[in-house]
Amino acid sequence: MRPILLLLALLAAACQPLPAASAKPNLVVIYADDLGYGDLGCYGSPTIRTPQLDRMAAEGLRFTDFYSGAEVCTPSRAALLTGRYPVRSGMAGQRRVLFPNSKGGLPPGELTLAEALKSAGYTTAHIGKWHLGIHEGSRPQDQGFDETYGLPYSNDMDGRADLPSGASGSANPPRNGWNVPLIHNGRIIERPANQTTLTRRYTEQALRFVTTNRHRPFFLYFAHTFPHVPLFASPAFQGRSRAGIYGDAVEELDWSVGEILDALRAEDLADNTLVVFSSDNGPWLTMGAQGGSAGPLRNGKGSTWEGGMRVPAIAWMPGKIQPGVTPQMASVLDLYPTALGLAGITPAPNRILDGRDLRPLLFQGQSLPDHPLFYYRGQQLFACRLGEWKAHFQTQAGYGQAKPEIHAPPLLFHLGLDPSEKRNLATQHPDVLARVQAAVRDHRATLIPMPSSQLD
Ligand code: MG
């Protein structure tokens with residue numbers, strides 16, 4: 001190549017703009033349920049084989065420090081779809097998650113990611129678990145999704161009256177133990193849902209949606225039912241993994257991810273589709289072998305220790321996202337502003353969003369400035385991360401500890417030196433605590449008045 005042409009080519013490459021509105025990239029969010037930080041091959045699992053997710057990570061950006069928006073299902077999903085801490089939408093409370101007899105749900109006034117993208121011409125689908133309300137106004141079809149196929153809440157709800165205690169966490173749960181319905185566009189099509197084939201059927205629906213909409217911008221929110229207990233897998237995956245039924249369920253989920261990415265490649269959509277894989281919260285450790293692993297992180301689902309909220313996360317868009325591993329802190333709250341940026345949508349005024357646009361990190365490899373992360377349990381602020389530091393104001397195990405332990409002064413851990421949160425450095429670093437307290441004050445000033453819980 002002549003030097004001038006080489007120079008022009010280099011300049012063109014350096015000036016490559018962020019993928020922007022004109023291209024209208026598609027968005028696919030694949031969300032596992034209760035998958036732990038240590039449960040994928042690319043996150044160090046010694047026993048569960050995840051070649052598809054490992055390939056996705058090798059081709060994309062894998063996060064070491066990515067957080068869910070809450071420590072349990074319902075508020076975590078509210079955070080993803082609203083881009084806001086669940087205390088802002090009333091999706092946090094004593095009851096922790098929605099139950100079939102809850103009267104509330106995601107308020108109709110919240111502007112979900114699906115609603116925002118729809119306003120920019122996207123076709124939208126929800127496939128899998130919902131868990132943001134079953135009443136009119138809160139259902140997927142009321143919250144911006146053109147299509148919906150899946151379970152209205154967790155697969156361990158609606159238990160049969162004669163179900164023995166502990167059945168949901170068993171290695172061999174009864175197939176008809178739960179009366180949870182499978183709903184397609186508002187209509188119950190199967191009750192109880194046959195859970196053994198759920199992952200396969202969700203995947204078929206997702207593939208159909210991608211193929212049908214290949215010529216227009218789409219948003220697919222694919223929220224798997226597993227590996228939440230009770231655990232089931234298709235016959236092809238039963239008994240395949242070294243990690244029992246938990247590993248079988250995760251390996252089937254891995255297969256599903258591979259199918260989606262293959263379809264995007266086959267339709268020539270891979271370089272115009274941002275795919276993000278993550279989990280709604282950490283592993284349910286009290287389920288024993290039927291719960292996952294938080295790897296080196298402390299505690300699990302239900303707690304604001306790292307194991308409860310730090311989750312696997314991979315962002316994939318070949319040719320646009322430089323492959324690698326990033327230690328940059330990010331959270332599911334960031335997906336909302338990132339997706340709006342990709343779609344060329346200006347966020348609605350007078351609506352506080354808690355995340356930030358990750359496009360400079362994803363597409364230009366830039367570092368992001370420190371941004372505080374707040375860890376809530378219900379409506380209570382338990383901890384705050386700022387840079388490498390994390391302060392705990394209260395701590396409580398996810399399950400089995402009746403009351404929180406209050407810490408005054410707060411516990412302080414350096415997550416770079418001590419990711420397992422073992423060595424409290426509060427007395428050595430009062431300056432850090434002061435900075436954290438200031439971030440908390442600023443955050444609290446934006447929260448008033450606190451809405452009541454929708455979970456009751
Ligand atoms: Mg969950």
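Atoms within a ligand are numbered from 1 in the order they appear, just like the ligands themselves. We number each residue from 1, following the sequence as shown.
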*asked:* When you measure from the Mg ion (ligand 1) to the N, O or S atoms of S279, does any of those distances fall below 2.8 Å?
replied: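 Checking the Mg ion (ligand 1) against S279, no N, O or S atom falls under 2.8 Å.
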
Quiz item: Would one find an N, O or S atom of H228, in either backbone or side chain, under 2.8 Å from the Mg ion (ligand 1)?
Solution: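 Short answer: no, not a single N, O or S atom is under the cut-off.
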
Atom nearest to the Mg ion (ligand 1) - [X], N, O or S atoms considered:
X	result
D280	OD2
D33	OD1
D34	OD1

Angle class for the Y202/F222 ring planes (parallel below 30°, perpendicular above 60°, tilted otherwise)?
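Taking F222 first and then Y202, their aromatic rings stand perpendicular (interplane angle over 60°).
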
- [ ] Give the ring-plane orientation class for F218 versus F209, where under 30° counts as parallel, over 60° as perpendicular and anything between as tilted.
- [x]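 Correct class here is perpendicular.
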
TODO: Only pairs at least two apart or in different chains count here, so list each ring pair (Phe, Tyr, Trp, His ring centres under 6.0 Å) that has a residue in residues 82-105.
DONE: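 The answer is Y85-F374, Y85-Y376, Y85-H443.
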
Could you pull out all donor-acceptor pairs under 3.5 Å where a side-chain atom in residues 172-182 meets a protein atom, sequence neighbours excluded?
from : atom 1 : to   : atom 2 : distance (Å)
W178 : NE1    : D156 : O      : 3.4

Self-check item: Closest non-hydrogen atom pair, P107 against Q143
Solution: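 Nearest pair, atom of P107 first, then Q143: O-NE2, 3.2 Å.
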
